[in-house]
Amino acid sequence: MTVKIYVPLDSGSVALGADEVATAIAATAAKRGEDVKIVRNGSFGMYWLEPMVEVETSRGRLAYGPVAVEDVDSLFDAGFLNGSDHKRYLGHTQDIPFLKAQTRLTFQRCGIIDPVSLDDYRANDGLKGLENALKMTSEDIVKAVTGSGLRGRGGAGFPTGIKWNTVRQAPGDQKYIVCNADEGDSGTFADRMIMEGEPFVLIEGMIIAGLATGATKGYVYTRSEYPDAIRIMNEAIEVARANKLLGPKVLGSDYAFDMEVRMGAGAYVCGEETSLLNSMEGKRGVVRAKPPLPALEGFMARPTVVNNVISLCSVPVILEKGAEYYRDFGMGRSRGTIPIQIAGNVKHGGLYETAFGLTLGEIVDQIGGGTASGRPVKAVQVGGPLGAYFPRELFDTPFDYEAFAKADGLIGHAGVVVFDDSVDMMKQARFAMEFCAIESCGKCTPCRIGSTRGTEVVDKIARGEDPEMQKELLADLCETMKFGSLCALGGFTPYPVMSALTHFPDDFKPHALDIAAE
Ligand SMILES: Cc1cc2nc3c(=O)[nH]c(=O)nc-3n(C[C@H](O)[C@H](O)[C@H](O)COP(=O)(O)O)c2cc1C
Ligand code: SF4
């Protein structure tokens, strides 16, 4: 009997040796006359266990990891094709505590299915949301999304249903759905993971967004650094077209929708929606002044929905199970689930989808398992390079848009980057200013000039040139950037800078910053 073996194909696992492991398993099986079929699946997001190999047995899918090429012979010797014990044995995949404790609504099939098999997707309840949506009016679809409480997962947390309604009501013979897959935030990989592990859920979400708004064309804008995601998305789009999921008659209906992937060169500011639209139009990635909102005048000046990958991938389950079902998860005005990406100096780095409301301490200490170095956690940056640094005293902050805003922070794309006590927070503040200076699109002065001056001010503190006055100047500059910048790149850079200064004042004493070493 053929034994099915799953080896992940996503770029995170491949970077850790998944391709070599798959090749070694195939070669060893051939040498030993074992009948195996290797399926390349997406990752479950437990990166400290990747490459995680699973074997389908009569007892279910059993996992082994992290598997190195050197482990392959001994796995066969131990009888892993029957699920036997081995030093890499992890038990039933779904019983691994990190996975078992999650609430996977958006990532429900990621890791389970062959990413480009539409049959697998359907067999695991895929397309049910779209099938329901095809029977509904556009108004009712928007109502369901609004009622679910879904807010944009790209950073700003804007209610998705309200954005869709604006596009729905906007006059225009041509409307667009643009999926923001630029994913520039440090420590984030949810967009990549789902595009590589379950691309059909994004396609389904985009078709539903089209139905809701009257858009017939969609684009996935991503960066050149995501070649695997681009390849897999393109393959899935081809499969979707061949199966009439995309095209002039979506699933046999009178509704037309098609989509394509567009690749940007990879600038952080091209994740900002108007800069992204400029880039898609072949122009420089410079931020546009708002109004007009992209919902009214977006891509090619037509009404356009710009939504993050995870926002769009959360829609099918809402249409499948209903607004109430999704809304029941979460706290306050943060409804549903959020895929938290735990990265940096952390023991159990990976993707953890859960309802809003866990505290930062639970995420870092319990789920993440503390630092990889074994040293104490000193700071956690949440929300990418524009997010605040949290000290341990704020670890009781619940993962919720409003609670984070109250603590002068932001959730952003839900990236959590952990630092141990060896981190120099003044260096991190300098890094934030320097990052802004490098990535600034240059359109407005507080960001373009302020970030360069900010880097210089931090250098002056480090050199001991009237540090107390420089700190006041830094705070003043942050105020100007916060309120005077056109977009959040300049406007939010003060978050990492000021949180570092406020929570870690002892690090802002004159000392060498050790920058040349990097
Ligand atoms: C500098 C900057 C970078 C951004 N990068 C991203 C990004 O990589 N991905 C993303 O979805 N949103 C990003 N955003 C937010 C987008 O402008 C926009 O709010 C989002 O795509 C809307 O989708 P959502 O409502 O589904 O979150 C960025 C914003 C700024 C200011
Ligand atoms: S804040 Fe920076 S990135 Fe944003 S528009 Fe101004 S110069 Fe451009």
Side-chain angles (χ1 to χ4, degrees), residues 41-42 44 94 102-150 153 160-161 164 177 179 190 193-195 197-213 215-216 218 220 232-233 236-237 239-247 249-259 305 307-330 335-339 353 355:
N41 57 338
F44 284 96
Q94 296 297 333
Q102 296 186 41
T103 303
R104 288 210 161 196
L105 305 186
T106 307
F107 281 77
Q108 58 180 294
R109 305 169 199 89
C110 193
I112 293 174
I113 61 170
D114 171 352
V116 289
S117 163
L118 191 56
D119 289 341
D120 259 17
Y121 185 67
R122 270 186 193 275
N124 286 276
D125 292 336
L127 300 186
K128 288 205 168 144
L130 175 60
E131 279 159 7
N132 288 343
L134 281 165
K135 292 179 221 139
M136 294 161 72
T137 62
S138 61
E139 202 175 352
D140 284 343
I141 300 172
V142 169
K143 260 192 203 150
V145 174
T146 309
S148 74
L150 177 66
R153 304 294 191 232
T160 306
W164 286 18
I177 307 297
C179 169
M193 218 181 98
I194 208 157
M195 287 192 289
E198 204 193 329
F200 289 117
V201 76
L202 178 55
I203 295 174
E204 185 179 354
M206 288 183 70
I207 301 173
I208 295 171
L211 271 172
T213 55
T216 51
V220 177
I232 295 167
M233 277 308 309
I237 288 170
V239 173
R241 281 197 195 117
N243 285 276
K244 312 241 179 317
L245 175 59
L246 289 171
K249 288 186 169 292
V250 169
L251 293 182
S253 69
D254 288 333
Y255 171 66
F257 191 84
D258 210 339
M259 58 187 278
V305 167
N307 267 143
N308 173 254
V309 174
I310 302 302
S311 316
L312 290 161
C313 290
S314 301
V315 166
V317 71
I318 293 169
L319 270 295
E320 182 201 343
K321 299 206 164 145
E324 298 288 305
Y325 174 83
Y326 192 79
R327 203 187 170 81
D328 270 355
F329 298 94
R335 309 311 314 174
T337 59
I338 177 95
E353 184 180 348

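Closest heavy-atom contact between Asn124 and Ile112: OD1-CG2, 4.1 Å. Val145 and Gly161 make their closest contact through CG1-N, 3.8 Å (heavy atoms, listed as atom of the first residue, atom of the second, distance). When all heavy atoms are compared, the tightest approach of Gly147 to Ala323 is C-CB, 3.8 Å. Across every non-hydrogen atom of Ala209 and Leu312, the tightest pair is CB-CD2, 4.0 Å. Pairing each heavy atom of Phe107 with each of Pro339, the nearest pair is CE1-CB, 3.6 Å. Here the shortest heavy-atom pairing between Thr213 and Trp164 reads CG2-O, 3.5 Å.
Looking at Glu204 and Tyr121, their side chains come closer than 4.5 Å, going by heavy atoms from C-beta outward. Counting only heavy atoms from C-beta outward, the side chains of Leu211 and Leu134 approach each other to under 4.5 Å. In this structure, the side chains of Arg109 and Phe200 stay at 4.5 Å or more apart for every pair of heavy atoms. Residues Ile208 and Met136 are not in side-chain contact: their nearest non-hydrogen atoms beyond the backbone lie 4.5 Å or more apart. For the pair Glu353 and Thr103, the minimum side-chain heavy-atom distance is 4.5 Å or more.
Within 6.0 Å of atom CD in Glu131, more than 12 heavy atoms from other residues, nucleotides or ligands are found, so the atom counts as buried in its surroundings.
Classification of the Phe257-Tyr255 ring pair by plane angle, with boundaries at 30° and 60°, yields parallel.
Rounding to the nearest 0.5 angstrom, the gap separating the SG atom in Cys179 from the CD1 atom in Ile310 is 9.0 Å. Here the CZ-CG distance, from Arg327 to Leu150, works out to 11.0 Å after rounding to the nearest 0.5 Å. Distance check, rounded to the nearest 0.5 Å: CD1 of Ile194 to CE of Met233 gives 10.0 Å. Put simply, NZ on Lys143 and OG on Ser148 are 14.5 Å apart, with the number rounded to the nearest 0.5 Å. Separating the CZ atom in Arg153 from the CD1 atom in Ile338 is a distance of 4.5 Å, to the nearest 0.5 Å. Interatomic distance, Leu245 CG to Met259 CE, rounded to the nearest 0.5 Å: 9.5 Å.
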